[in-house]
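All remarks here apply to the structure that follows.
What's counted below: heavy atoms across the whole structure, side chains too, no hydrogens, waters or symmetry copies. Each chain gets a letter, A, B and so on, in the order its sequence line appears, and its residues count up from 1.
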Protein chains: 2
Amino acid sequence: MNPQSALAPASSDLADLIARTPARHRTATGFVEATLRAAILSGRLSGGTPLRQEDLAAAFGVSRMPVREALRQLEAQALIDFVPHKGAVVTEISAADAADTYAIRLALEPAALALSIPNLTADDLARAADLIADMDGEPDPSRMGELNRRFHMSLYGRAGHPKLLALAESQLAAFDRYLRFHLAAKGPEHLSQEDHRAMLAAAAEGDIGRATDVLRRHIATAADTIARFFAERLSAENPFAAR
Amino acid sequence: MNPQSALAPASSDLADLIARTPARHRTATGFVEATLRAAILSGRLSGGTPLRQEDLAAAFGVSRMPVREALRQLEAQALIDFVPHKGAVVTEISAADAADTYAIRLALEPAALALSIPNLTADDLARAADLIADMDGEPDPSRMGELNRRFHMSLYGRAGHPKLLALAESQLAAFDRYLRFHLAAKGPEHLSQEDHRAMLAAAAEGDIGRATDVLRRHIATAADTIARFFAERLSAENPFAAR
DNA sequence: CAGATGTTGATTGGATCCAATTTTCAGGTA
DNA sequence: TACCTGAAAATTGGATCCAATCAACATCTG
């Protein structure tokens with residue numbers, strides 16, 4: 001998998017990705033940043049892919065400048081690394097990185113949930129229930145990631161600490177990079193919907209202890225699934241996954 | 001406090017700040033980003049200050065381009081907001097924002113400490129002890145912030161999750177924006193050195209429960225101090241602090 | 001034939017220039 | 001006098017251009 005062959009499909013993917021992205025972003029920089037971010041998180045741009053500024057500029061139909069600014073923002077989000085004279089490369093996913101992400105989720109999300117539960121409204125709980133229902137029949141992994149994120153955030157949303165919530169949400173988004181593997185390992189219908197239901201029930205009763213226990217177990221189980229998946233599949237099939 | 005009068009001293013401060021900053025950053029973008037970041041975290045550039053690209057470019061002796069890239073990175077770190085045709089403005093500090101930062105610290109740091117303690121070496125503990133000693137006689141608030149951050153990170157450093165550690169460190173750095181107020185309220189010699197010593201002792205014994213308890217209390221106390229400071233001083237003396 | 005070396009191509013970092021939009025202030029009018 | 005209107009100044013977003021640096025490849029030599 002040399003850079004050339006890796007980039008060619010990525011570029012064509014980008015072209016149609018751009019065509020289907022809603023034109024809600026006013027500035028070119030914001031548009032490029034959001035599109036690239038979505039492409040990386042969804043796995044469309046896989047780890048190690050070099051992103052050359054000129055190619056991106058051509059694909060987006062803009063100059064290199066907004067591309068550069070967007071890349072700087074993605075760098076600040078740890079989604080890419082700047083390698084001098086090589087281009088910005090998408091950071092690799094790995095078992096260790098997944099464990100890292102889960103450790104952060106395990107620290108942040110129970111805290112957010114505990115702060116939020118006392119302030120949850122009936123409306124919040126209804127929306128969360130709706131999202132569980134939506135997830136039940138969702139076959140598309142990237143839609144599933146979005147629904148899963150919205151479900152979790154709907155339960156954390158009343159925590160009252162915007163930065164804490166923003167951090168939790170960005171980690172949930174980072175989790176999307178692994179969701180595809182998770183779904184591949186367990187099948188879409190098994191995305192711990194029992195956990196989601198149990199968490200919602202505990203939250204509805206205002207039982208903070210039980211809700212956070214379920215959440216912690218939920219995250220730990222997911223971490224375990226991914227760790228096993230990496231150990232069993234990727235290391236055998238793809239030697240690059242290990243590094 | 002109109003934008004003009006606020007900017008003038010900030011610009012001159014920047015000029016001498018630049019003169020005293022070590023020239024370790026190779027690229028102009030990295031240099032600008034690090035310098036501005038330090039200026040914001042240390043309070044030299046206070047909340048609400050507009051940062052006009054042209055002024056910054058002139059102050060740094062570079063063109064507007066590296067300034068813009070640096071500002072994008074700071075935006076991704078939530079230190080500034082882009083306001084069209086007004087310039088990038090430094091985000092405001094407030095009691096609510098401080099509480100937010102402390103909530104995040106309370107979630108991340110005990111988790112990092114618990115993961116790290118089993119792997120701490122005698123060397124790590126010795127360095128932590130040295131840092132406590134250094135803090136004892138340090139009058140400069142910004143040096144103090146650096147030492148405090150290094151002390152905490154020396155105890156978390158063996159947690160083995162780079163992203164978790166990076167997140168914890170960035171939150172500790174964000175705390176620097178409030179450290180000045182903390183020191184003003186309690187005096188430099190009272191920066192909870194007893195807590196630091198107790199935490200180090202528990203860590204040295206491998207007592208995770210006690211160490212994390214001390215840490216939680218340490219952070220909660222600091223949060224309390226800041227909250228009271230904002231309530232008692234700033235709201236009375238400076239109506240802008242409330243918003 | 002293997003290894004060192006020089007040259008060329010590719011890629012990024014930075015500077016300058018242009019366009020679009022908003023804010024501000026001066027002037028006129030009810 | 002207060003308010004509305006319009007023009008100019010200021011500021012950012014984006015494009016194009018130039019310089020510096022590094023990687024790869026062909027070539028030359030021992």
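Taking atom CZ on Arg52(B) and atom P on dT22(C), their separation rounds to 19 Å, with Å as the unit. Whole-Å rounding puts the Glu33(A) CD to dG14(D) P distance at 13 Å. Atoms CG (Leu71(B)) and P (dG14(C)) sit 14 Å apart, rounded to a whole Å. As a whole-Å value, the separation of Phe31(A) CZ from dG13(D) C1' is 16 Å. Rounded to an integer number of Å, the gap from CD of Glu54(B) to P of dA10(D) is 10 Å. The separation between Phe82(B) atom CZ and dG14(D) atom P is 11 Å, rounded to whole Å. At whole-Å resolution of the value, CD in Gln73(A) and C1' in dG13(D) are 13 Å apart.
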Restricting to nitrogen or oxygen on both sides, can you table the protein-nucleotides 15-17 of chain D pairs closer than 3.5 Å?
{"residue": "dA15(D)", "atom": "OP2", "partner": "Ser63(A)", "partner atom": "N", "Å": "2.8"}
{"residue": "dA15(D)", "atom": "OP2", "partner": "Ser63(A)", "partner atom": "OG", "Å": "2.7"}

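The residue from Ile93(A), Asp176(A), Leu45(A) that alone fulfils the side-chain contact (heavy atoms from CB on, under 4.5 Å) condition with Ile40(A) is Leu45(A).
For dG13(C), neither phosphate oxygen OP1 nor OP2 lies less than 4.0 angstrom from any side-chain nitrogen or oxygen of Thr29(B). The phosphate of dG13(D) (OP1 or OP2) has a side-chain N or O of Gln53(B) nearer than 4.0 angstrom.
Listed by chain and residue number, Ser94(A) satisfy the side-chain contact (heavy atoms from CB on, under 4.5 Å) test with Ala96(A) (two or more places apart in sequence, or in another chain). When the ring-ring contact (aromatic ring centres under 6.0 Å, His included) test is applied to Phe82(A), no partner is found at least two apart in sequence or on another chain. Here Arg143(B) pairs with Glu138(B), Asp140(B), Glu146(B), Leu147(B) under the side-chain contact (heavy atoms from CB on, under 4.5 Å) rule; sequence neighbours left out. Listed by chain and residue number, Arg64(B), Val67(B) satisfy the side-chain contact (heavy atoms from CB on, under 4.5 Å) test with Ala57(B) (two or more places apart in sequence, or in another chain). Residues satisfying the side-chain contact (heavy atoms from CB on, under 4.5 Å) test with Asp124(A), not counting sequence neighbours, are Leu120(A), Thr121(A), Arg127(A), Arg158(A). Here Arg72(A) pairs with Glu75(A), Glu69(B) under the side chain to side chain donor-acceptor pair (under 3.5 Å) rule; sequence neighbours left out.
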Its dot-bracket string being built from Watson-Crick and G-U pairs below 3.5 Å, with | for another strand and [ ] for crossing, DNA chain C has the pattern ||||||||||||||||||||||||||||||
Got a list of side-chain donor-acceptor pairs under 3.5 Å for residues 160-169 of chain A, not counting sequence neighbours?
{"residue": "Lys163(A)", "atom": "NZ", "partner": "Asp97(B)", "partner atom": "OD1", "Å": "3.0"}

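Arg177(B) and Thr91(B) share a donor-acceptor pair across their side chains, judged by distance under 3.5 Å alone.
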